[in-house]
Protein chains: 2
Amino acid sequence: MRVLKYAILGLLIKRPMTGYELAKEFNFELAEFWHASHSQIYPELKKLNDEGLVTYDIEISGDILEAKRYSITKEGELEFTQWLHKDEKIPKTQKDIFRLRMYFSNNLDPKTRIHLLENQRQQHLKRLNTLVKTSEQYPEVPDLYSDRFGDFVVLKGAIMRQENIIEWIDQCIGYIEAGAKNKP
Amino acid sequence: MRVLKYAILGLLIKRPMTGYELAKEFNFELAEFWHASHSQIYPELKKLNDEGLVTYDIEISGDILEAKRYSITKEGELEFTQWLHKDEKIPKTQKDIFRLRMYFSNNLDPKTRIHLLENQRQQHLKRLNTLVKTSEQYPEVPDLYSDRFGDFVVLKGAIMRQENIIEWIDQCIGYIEAGAKNKP
DNA sequence: TTAAACATGTAAGCTGTTACATGATTTA
DNA sequence: TAAATCATGTAACAGCTTACATGTTTAA
């Protein structure tokens, strides 16, 4: 499916970037729903260059440090746009280890279950706070054609997802507390 | 990390199963947040057997059709329980291709964006309806120590997640409609 | 009698992570 | 001058998907 290919092409439409810069992008807002490390990015950039979807110029910092600044080509833009127009089938499975654990939680005593849930709750709350803080950079909805629009909607989605997970965790805790009260 | 190992061990605690039956389990409720196909399961069962965490008896249906019915061993139960007690770090990234597309959505005209969103909406709504129908099997919260408790809480979570995604999609559509009105 | 379900396995290939490997430049 | 950041690559391995491969039993 080569999603990384399209992720890179999409980022290069914003502006030409080095592999190193692309790797950084995958660690900010984007990181909530897509990630790639440099060991994936460099080979992919090479491949995209072979396919004629990107080109690069070499930049020199200081005396000898070379950086390849990649730009998307016309063909690259075309392929990216075609991909972007396609309907996406929703995935059957969103792998989630914690939910797998909860699926098996009848094997744990109530106290342990609540401990595990509280631990998750705390982590998600922390993440939520970070996301909310980031969202303060968007006092209003960005222009539809600005690339900040995409940032904005996925950030909103990330916040809503964290809130939803916390709500689910709270309900789980509620079920366990109610169940433990009946049969302690 | 070998999550599949623990997923299989957890399922075998419920009851002894064949590889074929395990594969089926990964296609029902569990499928929302974990999946494995038979080509992964059979080698893993072999490995677990080598490690002494499961054993099997051969069952014969009809004249010659053999099935290996796997049971978890004491060691297997111990390892599983130890795993289940561990705190889980929340993942930095939950890969989501559709959100990646939306991240790049400034490259699409508003009509196409709304088309893509409506398409997702419809798919998630369909999934939601299926989940809600399934949840009717749980008129009340199952007993804390019944293995239906795990089924129940993750099903609740799956429903909440679908509702949340639909809410996000609706908000996205709202942003686009509002933005397109200002600058058509 | 035929299609669906039962049943088990292997192989090739893609994706992704962690570690290995090296070195330059900038900033504190 | 030392640490952080910039910069690029490869290798080994784990995980997962799709296809290949084979055959039996049951229910319509």
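When reading the values below, keep in mind they use all heavy atoms of this one structure, side chains included, and skip hydrogens, waters and symmetry mates. Here is how names work: the chains are called A, B, and so on, in the same order as the sequence lines, proteins then strands, and each is numbered from 1.
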Discussion item. Is there a path of hydrophobic side-chain contacts, each under 4.5 Å between heavy atoms, that joins A:I8 and A:F28?
Written reply: no
Practice prompt. Is it possible for you to say whether A:V153 and B:I173 belong to one hydrophobic cluster, with membership spreading through side-chain heavy-atom contacts below 4.5 Å?
Written response: yes
Candidates [options] - which lies nearest the side chain of [X]:
X     : options               : value
B:K24 : C:dC6, C:dT17, D:dG9  : C:dC6
B:S39 : C:dA11, C:dC6, D:dG9  : C:dA11
B:A67 : D:dT18, C:dT8, D:dA7  : C:dT8
B:S37 : D:dG15, C:dC6, D:dT18 : D:dT18

Worksheet item: In residues 8-19 of chain A, which ones come under 4.0 Å of DNA chain D, going by heavy atoms?
Response: A:T18, A:G19
Worksheet entry | Sub-4.0 Å heavy-atom contacts from residues 79-103 of chain B onto DNA chain D, ordered by number | none
Nucleotide [N], atom [atom2] - distance to [atom1] of [X] in whole Å:
X     : N      : atom1 : atom2 : answer
B:D57 : C:dT8  : CG    : P     : 13 Å
A:E21 : D:dC6  : CD    : P     : 9 Å
A:I41 : D:dT8  : CD1   : P     : 10 Å
B:N27 : C:dA5  : CG    : P     : 13 Å
A:Y42 : C:dA21 : OH    : C1'   : 13 Å
A:E44 : D:dG9  : CD    : P     : 14 Å
A:H35 : C:dG16 : NE2   : C1'   : 10 Å
B:Y20 : C:dC6  : OH    : C1'   : 5 Å

Atom pairs and distances, side-chain donor-acceptor, residues 34-42 of chain A, under 3.5 Å, sequence neighbours left out:
from: A:H35; atom 1: NE2; to: A:N27; atom 2: OD1; distance (Å): 3.4
from: A:S37; atom 1: OG; to: A:S39; atom 2: OG; distance (Å): 3.4

Worksheet item: Is any side-chain N of the basic residue among B:D57 and B:K68 closer than 4.0 Å to the acidic one's carboxylate O?
Response: no
Fill in: Residues A:R101, B:E88: salt bridge by 4.0 Å N-O rule
yes
Worksheet item: Who pairs with A:K47 by side-chain contact (heavy atoms from CB on, under 4.5 Å), at least two apart in sequence or on another chain?
Response: A:R2, A:E51
Worksheet item: With sequence neighbours excluded, what pairs up with A:E29 under the salt bridge (charged side-chain N to carboxylate O under 4.0 Å, His left out) test?
Response: none
Might you point out which heavy atoms bring [X] and [Y] nearest each other, and give the distance in Å?
X      : Y      : result
A:N107 : B:I13  : OD1-CG2, 3.7 Å
A:I169 : A:Q120 : CD1-CB, 3.8 Å
B:L9   : B:G76  : CD1-O, 4.0 Å
A:K5   : A:L48  : CG-CD2, 3.6 Å

Item to complete: Produce a footprint string for nucleotides 21-28 of chain D: one letter per nucleotide, 5' end first; B if the base is under 4.0 Å from any protein heavy atom, S if only the sugar-phosphate is, - if neither.
Response: --BSS---
Worksheet, complete the sentence: The complete set of ring pair (Phe, Tyr, Trp, His ring centres under 6.0 Å) pairs with one or both residues in residues 45-75 of chain B, sequence neighbours excluded, reads B:Y56-B:Y70
Could you list the donor-acceptor pairs under 3.5 angstrom formed between side-chain atoms of residues 134-142 of chain A and any protein atom two or more places apart in sequence or on another chain?
from: A:T134; atom 1: OG1; to: A:T130; atom 2: O; distance (Å): 2.9
from: A:S135; atom 1: OG; to: A:V132; atom 2: O; distance (Å): 2.6

Fill in: Residue whose closest nucleotide on DNA chain D lies nearer the 5' end, A:Q40 versus A:E59
A:E59
Worksheet, complete the sentence: Within residues 45-56 of chain A, the residues having a heavy atom closer than 4.0 Å to DNA chain C are none
Discussion item. Does A:K5 reach a base, just sugar-phosphate, or nothing at all? Heavy atoms under 4.0 Å.
Written reply: nothing
Discussion item. Would B:Y175 and A:F152 count as a ring pair (Phe, Tyr, Trp, His ring centres under 6.0 Å) here? Give the steps.
Written reply: CA-CA 10 Å; B:Y175 295 139; A:F152 172 77; 5.1 Å; yes
Worksheet item: What salt bridge (charged side-chain N to carboxylate O under 4.0 Å, His left out) pairs are there with at least one residue in residues 150-163 of chain A, not counting sequence neighbours?
Response: A:K14-A:D151, A:E32-A:R161
Discussion item. Check for me whether A:R121 meets the cation-pi criterion with A:W168, that is, NZ or CZ under 6.0 Å from the six-membered ring centre and within 45 degrees of the ring axis.
Written reply: no
Practice prompt. Quick one: list whatever passes ring pair (Phe, Tyr, Trp, His ring centres under 6.0 Å) with B:F104, sequence neighbours left out.
Written response: A:F80
Worksheet entry | Relative orientation of the end axes in the helix from C:dT1-D:dA28 to C:dA28-D:dT1, expressed as an angle to the nearest 10° (five pairs per end) | 40°
